[in-house]
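Right, one structure below, let's go through it.
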There are 2 protein chains.
Amino acid sequence: MVDRSALASVLQLGFSRATGPRKIVVETVVAWEGHFSAEELCRSLPQVGRATVYRTLASLQEEGVICRLMIDGRAPRYLLGGTQHHHHMVCTQCGAVQDIADCGVDDFVDTVAERFGYELDGHRLEIYGRCSTCVGGEGASS
Amino acid sequence: MVDRSALASVLQLGFSRATGPRKIVVETVVAWEGHFSAEELCRSLPQVGRATVYRTLASLQEEGVICRLMIDGRAPRYLLGGTQHHHHMVCTQCGAVQDIADCGVDDFVDTVAERFGYELDGHRLEIYGRCSTCVGGEGASS
DNA sequence: CACCAATTGAGACTTTATCTCAGGAGTGGT
DNA sequence: ACCACTCCTGAGATAAAGTCTCAATTGGTG
Ligand SMILES: [Zn+2]
Ligand SMILES: [Zn+2]
Ligand SMILES: [Zn+2]
Ligand SMILES: [Zn+2]
């Protein structure tokens with residue numbers, strides 16, 4: 001669940017002014033269902049320049065309002081709710097994405113970092129599969 | 001450790017002919033130390049066309065000879081040894097990459113897939129940190 | 001309201017990757 | 001060794017994704 005009332009406090013996002021174009025971008029992002037690419041956002045906001053869209057997305061990501069999802073060789077996709085550490089379960093067929101709230105792998109990650117003598121920065125885990133809808137739909141047909 | 005004698009059997013890579021350009025690409029990839037991007041490979045093989053380099057990389061990846069490493073928003077990097085499932089520990093400072101042979105997270109992954117009712121396809125885990133060399137070097141200086 | 005620095009955005013440019021198709025080269029048969 | 005047949009190659013066009021520039025605009029402040 002995303003706290004839309006946090007929007008106001010987030011509008012300035014490392015800038016010093018709450019401007020019109022940025023409001024439009026932030027409001028669109030907050031209202032967006034599911035994930036989107038930067039270019040998709042640009043296309044749906046022709047009244048806002050591409051540079052501003054990209055700048056705002058970068059800020060939103062730094063502020064933890066959105067998180068970036070890298071799937072295969074495709075363009076990054078963005079998703080509301082990057083505030084706390086989490087992972088994603090992605091449907092390879094329909095593209096649905098579930099947030100996995102509990103990390104579940106931090107012990108293993110710590111162990112590995114220690115084994116290699118690394119000073120840990122972070123980690124990224126993505127799980128791929130087919131969601132129940134996609135599996136069900138296929139099973140029913142043919 | 002990569003079995004270079006497997007090279008011969010790999011040269012055809014889903015094609016029906018073992019051609020000169022492909023030999024050059026495969027041999028260069030096998031001899032490469034560390035990871036590389038497609039463009040780096042192109043640059044170091046001006047005698048081979050870009051299309052062929054990309055085609056061969058795609059085949060090598062499908063065959064599991066190399067694995068693709070996505071770091072942040074940068075271009076994919078390739079690395080020998082994708083035959084069996086594994087993960088990577090990446091140094092965010094110098095770019096060094098360690099293979100993590102043991103998966104270590106498959107139980108968690110299974111649990112999550114079951115929880116969401118997904119039919120599992122696979123998963124990707126990358127761990128970021130600074131390697132002992134980078135940490136040591138920094139600690140010693142300034 | 002005026003001022004001024006912060007911000008915007010059109011468009012050029014860069015990087016990375018895919019596509020096209022005429023010409024070139026590997027293979028198997030003879 | 002040669003031919004023929006087909007697959008493969010590569011120069012260059014095109015596409016996709018994102019960054020950069022800088023003149024014009026605008027929000028915030030007093
Ligand atoms: Zn699905
Ligand atoms: Zn985690
Ligand atoms: Zn390092
Ligand atoms: Zn694994």
Side-chain angles (χ1 to χ4, degrees), chain A residues 7-29 32 35-63 65-79 95, chain B residues 7-29 32 34-63 65-79 82 95:
Chain A
L7 228 188
S9 69
V10 126
L11 260 177
Q12 302 223 343
L13 293 169
F15 295 82
S16 60
R17 292 178 186 175
T19 64
R22 198 151 56 233
K23 275 181 208 163
I24 295 173
V25 174
V26 173
E27 274 157 20
T28 306
V29 165
W32 201 287
H35 47 94
F36 56 90
S37 69
E39 292 298 327
E40 279 165 13
L41 192 54
C42 286
R43 252 175 271 136
S44 74
L45 293 176
Q47 74 268 44
V48 178
R50 192 172 37 265
T52 299
V53 169
Y54 275 94
R55 278 188 292 244
T56 307
L57 279 181
S59 304
L60 282 169
Q61 202 196 337
E62 270 166 31
E63 300 289 320
V65 176
I66 56 178
C67 53
R68 174 193 279 183
L69 187 53
M70 302 289 292
I71 306 182
D72 188 49
R74 293 197 293 157
R77 304 195 66 78
Y78 299 89
L79 197 61
Chain B
L7 228 188
S9 69
V10 127
L11 259 178
Q12 302 223 343
L13 294 170
F15 293 83
S16 59
R17 292 177 184 174
T19 63
R22 200 153 54 234
K23 276 181 207 164
I24 295 174
V25 175
V26 173
E27 276 158 19
T28 306
V29 165
W32 200 288
H35 48 94
F36 56 90
S37 69
E39 292 298 326
E40 279 165 12
L41 192 54
C42 286
R43 255 175 268 135
S44 73
L45 293 177
Q47 75 268 44
V48 178
R50 190 172 42 264
T52 300
V53 169
Y54 275 94
R55 278 188 293 244
T56 307
L57 279 181
S59 303
L60 283 169
Q61 202 196 336
E62 270 166 30
E63 300 289 320
V65 177
I66 57 178
C67 52
R68 176 192 280 183
L69 187 55
M70 302 288 292
I71 306 182
D72 188 50
R74 293 197 293 158
R77 305 195 66 77
Y78 299 89
L79 197 61

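So you know, we letter chains A, B, ... as the sequences are listed, proteins then strands, and number each from 1.
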If each of B:A75 and B:A51 is mapped to the nucleotide of DNA chain C with the nearest heavy atom, which maps nearer the 5' terminus, i.e. the 5' end?
-> B:A75
Heavy-atom nearest nucleotide on DNA chain C taken for A:G49 and for B:T19; more 5' hit belongs to A:G49
For the residue pair A:R68 and A:P76, what are the closest heavy atoms and their distance?
-> CG-CB, 3.7 Å
Please examine the side chains of A:Y78 and A:L60, heavy atoms only from C-beta on, and report whether any two atoms are closer than 4.5 Å.
-> no
Using the closest heavy atom to pick a nucleotide of DNA chain D for each, name whichever of A:R55 or B:R50 lands nearer the 5' end.
-> B:R50
Using atom CD of B:E39 as one end and atom P of D:dG18 as the other, report the distance to the nearest whole Å.
-> 16 Å
In whole angstroms, the gap separating P of C:dA17 from CD of B:E40 amounts to 11 Å
Expressed in angstrom and rounded to an integer, what is the separation of A:Q47 atom CD from D:dT26 atom P?
-> 14 Å
What integer distance in Å separates B:R68:CZ from C:dT16:C1'?
-> 12 Å
Whole Å only: how far is the CG atom of A:L57 from the C1' atom of C:dT7?
-> 16 Å
Give me the one residue out of A:T28, A:V29, A:L79 that meets side-chain contact (heavy atoms from CB on, under 4.5 Å) with A:F36.
-> A:V29
Could you give the OH-to-P distance, from B:Y54 to C:dT18, as a whole number of Å?
-> 7 Å
Of all the heavy-atom pairs spanning A:Q47 and A:I24, show the shortest one and how long it is.
-> NE2-CG2, 4.0 Å
Contact under 4.0 Å: B:S37 side-chain N or O vs C:dT16 OP1/OP2 | no
Among D:dT9, C:dT16, D:dA11, the one nearest B:P21 by side-chain distance | D:dT9
Interatomic distance, B:K23 NZ vs C:dG26 P [rounded to whole Å] = 7 Å
Nucleotide C:dG9, atom P - distance to CZ of A:R43 in whole Å = 18 Å
